Amino acid sequence: MQTNILSAKNHPGPYRISNCGLLSFYFILFLFRPAMSHENSPLDLHYGMFIPTIDKQGTSEQKQNWLHLSESLKIVGTYAQTELGHGTFIRGLETTATYDPKTKEFILDSPTLTSKKYWPGCLGKTSNHCVVMAQLYTQGKSHGPHMFMVQIRSMEDHSVLPGIEVGVIGNKFGYGTNDNGFLSFDKLRIPRENMLMRYSQVHEDGTYVKPQNAKLAYGSMVLIRSSIVSDAARGLAQACVISIRYSAVRRQTEAYPGGEEPQILDYQTQQYRLFPLLASAYSLQLAGKYVFNTYLEVNDQIEKGNLESMPELHALSAGLKAFSTYEASAGIEVCRICCGGHGYSQASGLPKIYVDVVPGCTYEGENTVMMLQTARYLMKCYSRAKQGQKLPGFVQYIGQNLNKKSCMSEEVALGCLVMAYEHRAARLVEAAAMRMQSLIQGGKKQHEAWNGSSVQLFWAAKAHCHLFCVKNFVDAIQAKSLSSKTVTVMKSVCQLYGVHGILENLGEFMQDGFFSGEQVGYLQRKMLALFENIRPNAVALVDAFDYPDMVLGSCLGRYDGQVYQALYDYAKSAPMNQTEIHSTYYKHLKPLINPETTSDAMQFAKL
């Protein structure tokens, strides 16, 4: 093992918990839930979404009625939004909640096959209540999706209540311990008081009172999406721990005749695949931390209806949710490949990590849609910049002078890296805006122009998120809260993150001549030099994530390096090895070997 110069106290560590309130407390409980074996708890959504939704969207009376019962697990709940026919497009949901003023009740109904709730976690067998998103109808008018508290099972014997059909959806790619389910209603009546009415209300006579600001729900979205960024970062970090530790143990192919087989981590090609992913893991952890802490800082303002900073934070969290899950999912697969054949075994721990992270590309908003949400905000910012308006915070780079040339030198200063990413993002934002403008001027309608520009809009949003991750990483290094030795190491990791990102997307940085061929050579040589700089501390850098063996669940990523003994013990413990001759020999193999001993086998042989 390398000397660990990055102690736990210096590691970009736990989120601030002080002054965060009940909502964030349960969110943190969800965020830092036990990760043993990378299986999700059937109570994840109870703590991670159900309780926070009641706290955020419920009135004082509703919170008094439901939170204590939820905290004590008398009520076990989940959040039911996604339907068989609709997911990300919330306005298209088909479940209805029609108010009946005569009985002061809402009538919940699933009028079509595609209106059945489908995929909510913890729904099939675990939960006895759920928060249901349904289209609100009152006084003959539709008021869009609203949230309703619905009891679906008896709190006495857990039996399904009348008017409800609920069950599990069957096997999935992963999440085997989570009972993702389906749910439908047959004109189920619930009290008027079961509509979550903190921001919008339905009076007893059916009068609808709309929220003061329709964007008040954005706070919850930011919170959940920041958790997904952190989840993705954690998954990628754990995959890096496993693959880099294993690469320090595994030896392969003598470097010269008669020489010792080197550690595969000493091969430059292995470093080229793994070290940029290590840098990404650090960057994404810092990004998730930033979004969460920023949410806590502006939460009081949101509660008071001041949403000035919310559009930027909402757009950033949507884009980072997509950016981080794409990066982590692809990166974990590279880590698996870097572990050779052993990486394909469940003993590596990598398959479980992959199936735990990859659903993040879809849930809480499909990634392409999330990127386009970010792009919509960027287009508004571009329009404002062209009108001479000052842009807020991080988006001030939009509308900058694109005639500037790169300041990149052989040193590859952090400031020059940030400048390069700002230029790339600004150019792609402008290119997307100009594409839309050209299509509209050519006679296309707004929605047609948007669709016809959506690929470039996606590129712009991705560049925006990439810029944020680079700049946020640089800001963290320059915050002067780390020791000088740690800063030296982390600066190399940060530089690698920026340099590798440029080289992987070189066309977007060179298209307008921002970089010269000579400067590209600087970057290529710098990347190779950074591999050498990082190699002595590579194991220390993954040890600094401080994931115990119990959490990693990996024979390859063991802290003590006893990889081969662990793999052998894993194999010996396999159920099929508990008997010398397995039952399948008698049932299937023996009749094939000696068909004359079994008449059925003889008939089979004749066929």
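Just so it is clear, the model here is predicted, and its values are computed rather than measured. Computed from heavy atoms alone, side chains included, the values below leave out hydrogens, waters and symmetry copies.
Distance CD1/Ile534 to CG/Leu496: 4.5 Å, rounded to 0.5 Å. Atom CG of residue Leu43 and atom CG of residue Leu73 lie 6.0 Å apart, to the nearest 0.5 angstrom. For the atom pair Ile169 CD1 and Lys117 NZ, the distance stands at 14.5 Å (nearest 0.5 Å). For the atom pair OG1 (Thr82) and CE (Met133), the distance works out to 10.0 Å, reported to the nearest 0.5 Å. Note that the CG atom of Asn180 and the SG atom of Cys122 stand 7.5 Å from one another [nearest 0.5 Å]. Atoms CG and CZ, from Leu223 and Phe292 in turn, are 6.0 Å apart once rounded to the nearest 0.5 Å.
For Asn128, the side-chain contact (heavy atoms from CB on, under 4.5 Å) criterion is met by Ile75, Val76, Arg153, Met155, His158, not counting sequence neighbours. Under the rule for a salt bridge (Lys or Arg N to Asp or Glu O under 4.0 Å), Glu312 has no partner lying at least two apart in sequence or in another chain. The ring-ring contact (aromatic ring centres under 6.0 Å, His included) test applied to Tyr522 returns no partner, not counting sequence neighbours. Here Gln565 pairs with Asp569 under the side chain to side chain donor-acceptor pair (under 3.5 Å) rule; sequence neighbours left out. Not counting sequence neighbours, the partners of Tyr497 by the ring-ring contact (aromatic ring centres under 6.0 Å, His included) test are His466. A search for side chain to side chain donor-acceptor pair (under 3.5 Å) contacts involving Gln495 returns nothing, not counting sequence neighbours. For the ring-ring contact (aromatic ring centres under 6.0 Å, His included) test, residues two or more places apart in sequence or in another chain that qualify with Phe50 are His46. Every residue two or more places apart in sequence or in another chain that forms a side-chain contact (heavy atoms from CB on, under 4.5 Å) with Thr114 is listed here: Glu94, Thr112. Residues that satisfy the side-chain contact (heavy atoms from CB on, under 4.5 Å) test with Tyr344, not counting sequence neighbours, are Arg336. Gln524 meets the side chain to side chain donor-acceptor pair (under 3.5 Å) test with no other residue; sequence neighbours excluded. When the salt bridge (Lys or Arg N to Asp or Glu O under 4.0 Å) test is applied to Arg225, no partner is found at least two apart in sequence or on another chain. Evaluation of the disulfide (SG to SG under 2.5 Å) rule for Cys416 yields Cys407 as partners, not counting sequence neighbours.
Looking only at atom types and distance, the side chain of Asn367 has a donor-acceptor partner in the side chain of Thr325 under 3.5 Å away. Counting only N and O atoms by type, the side chains of Arg535 and Gln263 include a donor and acceptor under 3.5 Å apart. With no hydrogens or angles considered, a side-chain donor-acceptor pair links Gln81 and Tyr79 at under 3.5 Å. Between the side chains of Gln270 and Arg273, at least one donor N or O lies within less than 3.5 Å of an accepting N or O. For the residue pair Thr486 and Ser483, a side-chain donor N or O sits within less than 3.5 Å of a side-chain acceptor on the partner.
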Applying side chain to side chain contact (heavy atoms under 4.5 Å, CB included), run through Glu422 and Leu467 and close with a yes or a no. CA-CA 6 Å; Glu422 285 182 339; Leu467 162 61; 3.6 Å; yes
Test side chain to side chain contact (heavy atoms under 4.5 Å, CB included) on Thr78 and Met49 and set out the steps. CA-CA 7 Å; Thr78 187; Met49 290 194 71; over 6 Å; no
So Leu556 and Arg245, side chain to side chain contact (heavy atoms under 4.5 Å, CB included) or not? Walk me through it. CA-CA 7 Å; Leu556 305 188; Arg245 282 180 178 172; over 6 Å; no
In sequence, state the C-alpha distance, the side-chain angles, and the governing distance for Leu274 and Cys240, and then conclude on side chain to side chain contact (heavy atoms under 4.5 Å, CB included). CA-CA 7 Å; Leu274 289 179; Cys240 286; 5.9 Å; no
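Within a 6.0 Å radius of CZ in Phe173, no more than 12 heavy atoms belonging to other residues, nucleotides or ligands are found. The 12-atom threshold is not exceeded at NZ of Lys462, counting heavy atoms of other residues, nucleotides or ligands nearer than 6.0 Å.
In terms of modelled atom types and a separation under 3.5 Å, the side chain of Tyr421 and the main chain of Gly498 share a donor-acceptor contact. Side chain of Ser283 to main chain of Ser280: no donor-acceptor pair is present (N/O by atom type, distance under 3.5 Å, no hydrogens or angles). Looking at Ser348, its side chain does come within 3.5 Å of a backbone N or O of Gly343 through a donor-acceptor pair. At distances below 3.5 Å, not a single donor-acceptor pair connects side-chain atoms of Asp231 with backbone N or O atoms of Val357. Judged purely by atom type and a 3.5 angstrom limit, Asp179 uses its side chain to pair as donor or acceptor with the backbone of Lys125. For Asn577 (side chain) and Ala571 (main-chain N/O), a donor-acceptor pair under 3.5 Å exists by modelled atom type. Glu83 places no side-chain N or O within 3.5 Å of a backbone atom of Gly85 that could act as its donor or acceptor partner. In terms of modelled atom types and a separation under 3.5 Å, the side chain of Asn472 and the main chain of Leu286 share a donor-acceptor contact. Listed for the Lys352 side chain is no donor-acceptor partner under 3.5 Å among the backbone atoms of Gly174. A donor-acceptor pair is defined here as one N or O able to donate and one able to accept, closer than 3.5 Å; no such pair exists between the side chain of Asn178 and the backbone of Pro42.
Side-chain contact between Leu372 and Arg376 is absent, with no heavy atoms from C-beta onward closer than 4.5 Å. Side-chain contact between Ile337 and Glu333 is present, with at least one heavy-atom pair separated by less than 4.5 Å. Side-chain contact between Asn505 and Arg424 is present, with at least one heavy-atom pair separated by less than 4.5 Å. The closest side-chain heavy-atom distance from Leu45 to Pro120 is not below 4.5 Å. At least one side-chain heavy atom of Phe473 sits less than 4.5 Å from a side-chain heavy atom of Met490. Within the 4.5 Å cutoff, no side-chain heavy atoms of Tyr267 are placed close to those of Gln271. Leu316 places none of its side-chain heavy atoms less than 4.5 Å from the side chain of Thr374.
Counting all heavy atoms, side chain and backbone alike, Ser226 lies closest to Val291 at CB-CG1, 3.6 Å. Across all their heavy atoms, Ala232 and Ser324 have their closest contact at CB-O, 3.7 Å.
Ring orientation note: the planes of Tyr547 and Phe545 are close to parallel, at an angle under 30° on the 30°/60° scale.
Checked against the 6.0 Å centroid threshold, Phe468 and Phe323 do not count as a close aromatic pair.
Arg251 has a carboxylate O that lies under 4.0 Å from a charged side-chain N of Glu260, or vice versa, which qualifies the two as a salt bridge.
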